[in-house]
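Below is a structure I'd like to ask you about.
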Amino acid sequence: MGKTILYIAEIVTKTGIYCVKNQLKSLIKEFQADFVIANGDGATGGFGLGKTHSIYLRKLGIDVITSGDQIFFKKDIQEHLPKAYHLLRPANFPQGNPGRGWRTYTVGGKKPDDKPERSENIVVISLLGQSGFNRIHPSNPYTFLPNIVERAKKDADIVIMDFHSPITAEKATMNLYADGKLTAVIGSGSRTQTNDAQILPRGTAVISDAGRTGSIQSVGGFEPETEIRQKMLGVPARSNEHWDGLEIQGVLLKVGDDGAAESIEPFRRKVETPEGNRDD
């Protein structure tokens, strides 16, 4: 029997967390999802992921939280990462960083130590691109990936990668490189859903960017006026969350018994702004 995997696009600020709280249960029921992955790189204030939000998002029903270049922006995540089985930092960060960049998970919440059937296993990889970042210098993802895939396929037929980069061209290149090696490559980092979901010739399902969860009528999830002023003047200012035009975005992935992708479909769901949080 195949698997249905729900991927929630990057959760940005507490507006994104609110969208997950409001919609995730109904989406799991609607899509009959077996497994839920979400990117949480901007969940805490739009920059990084804090320990409390990591735990809260797991309780809401997310099985695995992937991340990106901002994963260490919140200090409490460093101690939390090695203990948080559900949380992944990019695998190609420098050696010695806390936490893991890929793991084997199982449908139903069992750990691989319980020796579940191979057909119940799903490997999730978090990998970072090399373009568009000025604070970090990750290892080359193209030379890094084959070793992970070789090890991952000893545990599972279903191998899904979140490839985090703000550059669409870099993600398109990775998609072609990974074709035939993985079940799916889901792009994150641009916070804008792209219109290129497809299954490539060798069978890998891809999308350059799954989008974002939070305010869509915003600049990357933030209040537009402040962000535009920063662009115009070049003077840093505190970014503020924005509550207009809330959506939960992502993709739905269907996978066969052999681990091959059968379909990949983007989705968008509007979320009503709660009273008292409208930007007037």
Same cluster or not: are Ile207 and Val185 linked, directly or through other Ile, Leu, Val, Met, Phe, Trp or Tyr residues, by side-chain heavy atoms under 4.5 angstrom apart? no

Do Asp209 and Thr192 have side chains that approach each other closer than 4.5 Å (heavy atoms only, starting at C-beta)? no

So for atom CD, which belongs to Glu79, do other residues, nucleotides or ligands contribute more than 12 heavy atoms lying within a distance under 6.0 Å? no

Exercise: identify the closest heavy-atom pair between Gly132 and Ile167: N-CG1, 4.3 Å

What is the minimum heavy-atom distance between Ala210 and Ala9, and which atoms define it? O-CB, 3.4 Å

Are the side chain of Arg212 and the backbone N or O of Arg191 linked by a donor-acceptor pair below 3.5 Å? yes

Quick one: does Asn240's side chain have a donor or acceptor within less than 3.5 Å of a partner on Glu223's backbone? no

Is the count of non-hydrogen atoms from other residues, nucleotides or ligands lying under 6.0 Å from Asn147 atom CG greater than 12? yes

Pair Val36-Asp63, side-chain contact (heavy atoms from CB on, under 4.5 Å): steps then yes or no: CA-CA 5 Å; Val36 181; Asp63 294 296; 3.9 Å; yes

With no hydrogens and no angle check, is any side-chain donor or acceptor of Asp155 less than 3.5 Å from a backbone partner on Ala152? no

Between Glu170 and Ser165, is any side-chain donor less than 3.5 angstrom from a side-chain acceptor? yes

Do Gln70 side-chain atoms and Asp41 backbone N/O form a donor-acceptor pair below 3.5 Å? yes

Within 6.0 angstrom of Lys51 NZ, more than 12 heavy atoms from elsewhere: no

Is any side-chain heavy atom of Arg268 less than 4.5 Å from a side-chain heavy atom of Ile216? yes

Could you measure the distance from the NZ atom of Lys74 to the NE2 atom of His80? Nearest 0.5 Å is fine. 14.5 Å

What distance do Ser54 atom OG and Ile77 atom CD1 have between them, rounded to the nearest 0.5 Å? 5.0 Å

State, to 0.1 Å, how close Val64 and Phe35 come at their nearest heavy-atom pair, and which atoms those are. CG2-CZ, 3.5 Å

Salt bridge present between Glu225 and Arg229 (N-O < 4.0 angstrom): yes

Checking the side chain of Thr204 only, and the main-chain atoms of Leu182 only, is there a donor and an acceptor separated by less than 3.5 Å? yes

Any link between Ile264 and Phe163 through a network of hydrophobic side chains (Ile, Leu, Val, Met, Phe, Trp, Tyr) touching at under 4.5 Å? no

Could you grab the distance from atom NE2 of His137 to atom CG of Asn92, nearest 0.5 Å is fine? 13.0 Å

Any donor-acceptor pair under 3.5 Å linking the side-chain atoms of Ser190 with those of Lys171? yes

What class does the angle between the rings of Phe133 and His164 fall in, given that below 30° is parallel, 30 to 60° is tilted and above 60° is perpendicular? parallel

Verify same cluster id: Ile71, Leu57 (apolar side-chain graph, 4.5 Å): yes

Looking at Asn175 and Val206, would you say the former's side chain and the latter's main chain have a donor-acceptor pair under 3.5 Å? no

4.5 Å side-chain heavy-atom contact, Pro138 and Pro90: no

Donor-acceptor check, side chain of Lys181 to backbone of Tyr177, threshold 3.5 angstrom: yes or no? yes

Do Pro274 and Trp243 make a side-chain contact, defined as non-hydrogen atoms from C-beta onward lying under 4.5 Å apart? yes

When you measure from the centre of the six-membered ring of Tyr85, is the NZ or CZ of Lys83 closer than 6.0 Å and no more than 45° off the axis? no

Which of Val12, Ile248, Val271 passes side chain to side chain contact (heavy atoms under 4.5 Å, CB included) with Thr213? Answer is Ile248

How long is the gap from CG on Asp179 to CD1 on Ile199, to the nearest 0.5 Å? 10.0 Å

Centroid-centroid distance, Phe47 to Phe222, less than 6.0 Å: yes

Taking the side chain from Thr183 and the backbone from Ala260, do they hold a donor-acceptor pair closer than 3.5 Å? no

Under 3.5 Å donor-acceptor, Gln217 side chain and Asp244 backbone: no

SB check Lys270 Glu247 (cutoff 4.0 Å): yes

Might you work through the side-chain contact (heavy atoms from CB on, under 4.5 Å) test for Arg103 and Val123, ending with a clear yes or no? CA-CA 6 Å; Arg103 287 186 186 274; Val123 171; over 6 Å; no

Would you say Thr66 and Asp162 are linked by a side-chain donor-acceptor pair, where the criterion is simply a distance under 3.5 Å? yes

Here the pair of heavy atoms bringing Gly61 nearest to Leu24 is C-CD2, 3.9 Å

Gln130 side chain near Asn140 side chain, heavy-atom distance below 4.5 Å: yes

Applying side-chain contact (heavy atoms from CB on, under 4.5 Å), run through Leu49 and Phe73 and close with a yes or a no. CA-CA 7 Å; Leu49 175 67; Phe73 278 23; over 6 Å; no

For the hydrophobic clusters of this structure (ILVMFWY residues joined by side-chain heavy atoms under 4.5 Å, transitively), does one cluster hold both Val159 and Leu145? yes

One pair to check against side-chain contact (heavy atoms from CB on, under 4.5 Å): Ile11 and Ile62. What are the steps and the verdict? CA-CA 12 Å; Ile11 301 163; Ile62 296 170; 4.2 Å; yes

Minimum heavy-atom separation for Pro141 to Leu127, with atom names? CB-CD2, 3.7 Å

Measure across Pro224 and Val219 and return the closest heavy-atom pair with its distance rounded to 0.1 Å. CA-CG2, 3.9 Å

Is there a path of hydrophobic side-chain contacts, each under 4.5 Å between heavy atoms, that joins Leu200 and Tyr142? yes

Step by step, work out the salt bridge (charged side-chain N to carboxylate O under 4.0 Å, His left out) result for Lys254 and Glu265. CA-CA 9 Å; Lys254 293 192 176 180; Glu265 302 219 357; over 6 Å; no

Can you tell if the side chain of Leu128 reaches within under 4.5 Å of the side chain of Ile136, non-hydrogen atoms only? yes

dist Arg89:CZ -> Trp102:CH2 (nearest 0.5 Å) comes out at 12.0 Å

Contact between Leu27 and Arg269 at the side-chain level, heavy atoms closer than 4.5 Å - yes or no? yes

Can you confirm whether Thr15 sits close enough to His242 that some side-chain heavy atom of one is under 4.5 Å from a side-chain heavy atom of the other? no

Separation between CD1 (Ile17) and OG1 (Thr44), nearest 0.5 Å, reads 5.5 Å

